There are 2 protein chains.
Amino acid sequence: MQSEELESILSILNKSGLKMTLEREVIIRFLLEHKDEHFSASEIFNRVREIRRIGIATIYRNLDLLIELHIIKKMTHDFPVPRYTICERDQKHGSHMLICTRCKDVKLIKEDWLMEIEERLQREFGFKVMDHQLVFSGIYSDCQKESCRIHGDRLTNR
Amino acid sequence: MQSEELESILSILNKSGLKMTLEREVIIRFLLEHKDEHFSASEIFNRVREIRRIGIATIYRNLDLLIELHIIKKMTHDFPVPRYTICERDQKHGSHMLICTRCKDVKLIKEDWLMEIEERLQREFGFKVMDHQLVFSGIYSDCQKESCRIHGDRLTNR
DNA sequence: ATAAATGCAAACTGTTTGCAGCTCC
DNA sequence: GGAGCTGCAAACAGTTTGCATTTAT
């Protein structure tokens with residue numbers, strides 16, 4: 001399947017003396033198969049459990065580990081609980097997010113619009129940016145007119 | 001003291017049929033006296049408790065209420081727990097944050113650098129921005145050289 | 001007078017931890 | 001074989017809720 005990406009993650013694990021267990025693999029596969037989405041820990045728990053029996057502690061331990069290895073990313077803005085997503089390999093920084101306060105849809109924009117500002121931070125503040133998170137909350141023009149529920153409730157806790 | 005600002009908040013409360021209790025006032029005063037800072041719920045609890053006996057539930061209930069009235073703002077990015085800060089009255093949007101991963105200092109930049117991008121979102125996505133949150137994590141040049149602890153550990157949970 | 005707000009304690013929710021047993025290299 | 005990993009259950013931390021009492025308008 002995404003064997004190429006999985007291989008590359010495997011080699012990161014190996015380099016640190018870590019093992020690719022079945023549980024870990026199922027978690028990673030799930031996130032790889034849903035690159036543009038983000039999930040809460042318990043969403044991941046429920047989805048992974050459909051594939052293989054797993055404990056919630058294993059979910060948390062693996063998420064923490066994968067964050068440390070920069071394989072996945074934790075997004076904390078304004079969600080009831082943190083959400084996790086796989087890192088884009090070719091992308092230095094995280095993407096930008098649009099959250100519609102009406103329909104609760106979360107759109108990820110993959111371009112980086114902040115180059116200029118980051119240069120300015122380096123110049124004016126001597127601050128070297130390693131990562132950024134940019135979130136806009138607002139309303140789509142469609143949602144301003146109608147009662148917009150097209151995307152459903154995607155942001156429950158579980 | 002900040003009577004002008006306090007008055008204006010009082011009138012917002014009145015308009016909604018809400019009361020200015022002593023507890024509520026102490027919370028608001030505390031945040032008004034520390035405009036450029038942000039605090040966790042339990043930090044606020046401890047500071048307010050020095051002034052007046054108060055229960056933690058009252059803290060949470062008031063924080064939620066003040067958020068709804070757009071008097072304070074909840075910041076959730078990457079902190080162990082959410083942090084709260086008073087809204088700038090003359091400022092449409094929240095400020096930008098620099099978080100140094102070495103010294104853990106959090107600097108708030110009060111200018112809005114995103115006007116252009118917000119216009120673009122309106123144009124290209126039909127998305128009307130109501131608020132944004134922009135956080136940069138990185139390292140100050142000072143911190144790259146030395147073991148930088150000048151700001152101390154400001155981000156504990158309590 | 002009465003709607004709103006409070007304190008307290010219990011309940012809840014998400015996350016972490018200790019430990020005995022299991023699994024991958 | 002042994003470090004690393006797992007499941008389980010208990011512990012933990014932050015937050016929310018129900019209720020009897022108090023307070024602001």
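Model, not experiment: these values are computed from the prediction.
Straight-line distance from the CG atom of L65(A) to the C1' atom of dT16(C): 15 Å, rounded to whole Å. In this structure, F45(B) places its CZ atom 14 Å from C1' of dA13(D), rounding to the nearest Å. Rounded to an integer number of Å, the gap from CG of L63(A) to P of dC5(D) is 14 Å.
Each of T58(B) and G17(B) lies near DNA chain C, and the nucleotide nearest G17(B) is the one positioned closer to the 5' end. Nucleotides of DNA chain D nearest to A57(B) and L18(B) differ in position, and the one nearer the 5' end is that of A57(B).
When the side-chain nitrogen and oxygen atoms of R53(B) are compared with OP1 and OP2 of dC8(C), one or more of them lie within a distance under 4.0 Å. Neither OP1 nor OP2 of dC24(C) sits under 4.0 Å from any side-chain N or O of N14(A).
Taking CG from L65(B) and CG from L13(B), the interatomic distance works out to 7.0 Å, rounded to the nearest 0.5 Å. Put simply, CG on D64(B) and NZ on K74(B) are 6.5 Å apart, with the number rounded to the nearest 0.5 Å. Here CZ of R29(B) is found 15.5 Å from CZ of R47(B). Values are rounded to the nearest 0.5 Å.
Side-chain N/O atoms of R24(A) and base N/O atoms of dG4(D) include no donor-acceptor pair closer than 3.5 Å. Contact of R61(A) with dG7(D) (side chain to base): a donor-acceptor pair of N or O atoms is detected under 3.5 Å.
Taking the ring axis of F125(B) as reference, the NZ or CZ atom of R123(B) does not stay both within 45° of it and closer than 6.0 Å to the ring centre.
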